[in-house]
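Order of appearance sets the numbers: ligands from 1, and atoms from 1 within every ligand. Source: prediction; values computed, not measured.
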Amino acid sequence: MLSKNIEKLLNEQVQLEFESSQFYLAMASWAEAKGLNGVSGFLYGQADEERVHMLKLFHFINERGSHAAVGGSKAPKAKFKNVKEVFEDLLKHELAVTHEINKLVDACLKEKDYTTHNFLQWYVSEQVEEEKQAMTILDKLELLGEDRGGLYLFDRDLASMTAAPAADAANGGK
Ligand code: FEO
């Protein structure tokens, strides 16, 4: 059984993962409209991943005898100056998510809720990967520059970083 406080914090995390998914979906749509199909495919994949993160929390909360809540969300930012701004926003967002996960881990330790603490370790590792990936992408952008040729190569490069199922989803299963 989860304490009321841990249930509340886990549900806040549900909401944050949902907002992450919506934010990356807005980024994907922006990139797709610009004809950057590699970037949009990658971001559609990220949006799908965030939904999986949300559902993992749902199942855990419900299996522990509590109730996962579905919240609403206001429309995320939808316009970006350029691709660099997209990935700067993505990294900033992931750093904020990491901060929240760490607060949750800390609350579990204070309450001696070792089961939830153990469950959250997956998220701790995932955040390391997501931050690393966003930083690698920003490094690539820095190297290639913002000229058209560089952007073309970057777009192709991101297409190759997109997992196959995510790429399928991005193409509407075609
Ligand atoms: Fe689910 Fe990217 O944090």
Side-chain angles (χ1 to χ4, degrees), residues 2 6-32 36 38-64 66-78 80 83-109 113 115-141 154 157-170:
L2 298 171
I6 297 294
E7 180 184 9
K8 178 176 143 292
L9 293 174
L10 285 172
N11 270 322
E12 283 171 10
Q13 193 60 36
V14 162
Q15 180 66 21
L16 187 55
E17 301 290 348
F18 172 63
E19 285 168 8
S20 305
S21 182
Q22 298 292 90
F23 192 21
Y24 300 162
L25 198 57
M27 290 176 176
S29 178
W30 176 87
E32 190 172 37
L36 295 164
V39 174
S40 72
F42 175 82
L43 291 165
Y44 279 120
Q46 289 302 113
D48 285 348
E49 274 194 23
E50 298 302 345
R51 189 177 153 78
V52 170
H53 297 176
M54 178 189 78
L55 288 173
K56 230 173 136 68
L57 281 156
F58 260 46
H59 299 313
F60 179 79
I61 296 167
N62 290 333
E63 280 161 12
R64 298 292 296 151
S66 295
H67 189 186
V70 178
S73 114
K74 54 178 176 22
K77 173 177 172 179
F80 304 88
V83 175
K84 192 163 176 240
E85 185 176 286
V86 168
F87 285 100
E88 280 169 353
D89 281 0
L90 189 143
L91 176 60
K92 213 187 300 168
H93 188 78
E94 287 303 328
L95 291 171
V97 172
T98 301
H99 184 71
E100 293 307 310
I101 294 280
N102 288 343
K103 271 172 36 187
L104 198 41
V105 168
D106 198 40
C108 290
L109 285 178
D113 181 345
T115 308
T116 306
H117 180 270
N118 185 47
F119 165 77
L120 288 171
Q121 293 315 299
W122 184 87
Y123 286 83
V124 171
S125 312
E126 181 67 14
Q127 285 312 117
V128 173
E129 287 308 312
E130 299 221 324
E131 283 180 25
K132 193 172 81 186
Q133 189 177 49
M135 285 188 282
T136 304
I137 291 172
L138 279 169
D139 285 346
K140 279 179 196 284
L141 266 178
F154 175 78
D157 203 18
L158 273 208
S160 68
M161 281 175 77
T162 307
D168 284 350

*Below 2.8 Å of atom 1 (Fe) of ligand 1, tally up the protein N/O/S atoms for me.*
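Near atom 1 (Fe) of ligand 1, the number of protein N, O or S atoms below 2.8 Å is 3.
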
*Flag if over 12 foreign heavy atoms under 6.0 Å of CZ, Arg64*: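 Atom CZ in Arg64 is crowded, with more than 12 foreign heavy atoms closer than 6.0 Å.
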
*State whether the number of non-hydrogen atoms from other residues, nucleotides or ligands found under 6.0 Å of Lys132 atom NZ is greater than 12.*
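Atom NZ in Lys132 is not crowded, with 12 or fewer foreign heavy atoms closer than 6.0 Å.
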
*Mind checking whether Phe119 and Phe60 have parallel, tilted or perpendicular rings, split at 30° and 60°?*
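Parallel: the ring planes of Phe119 and Phe60 meet at under 30°.
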
*Should the ring pair His93 and Tyr24 be called parallel, tilted or perpendicular, given that the plane angle runs from 0 to 90° and is split at 30 and 60?*
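Geometry flag for Tyr24 against His93: perpendicular rings.
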
*How far apart are the C-alpha atoms of Phe23 and Asp89, what are their side-chain angles, what is the distance that settles it, and do they pass the side-chain contact (heavy atoms from CB on, under 4.5 Å) test?*
CA-CA 10 Å; Phe23 192 21; Asp89 281 0; 4.0 Å; yes

*Ion pair present between Glu126 and Lys56, side-chain N to carboxylate O less than 4.0 angstrom?*
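Lys56 and Glu126: not salt-bridged.
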
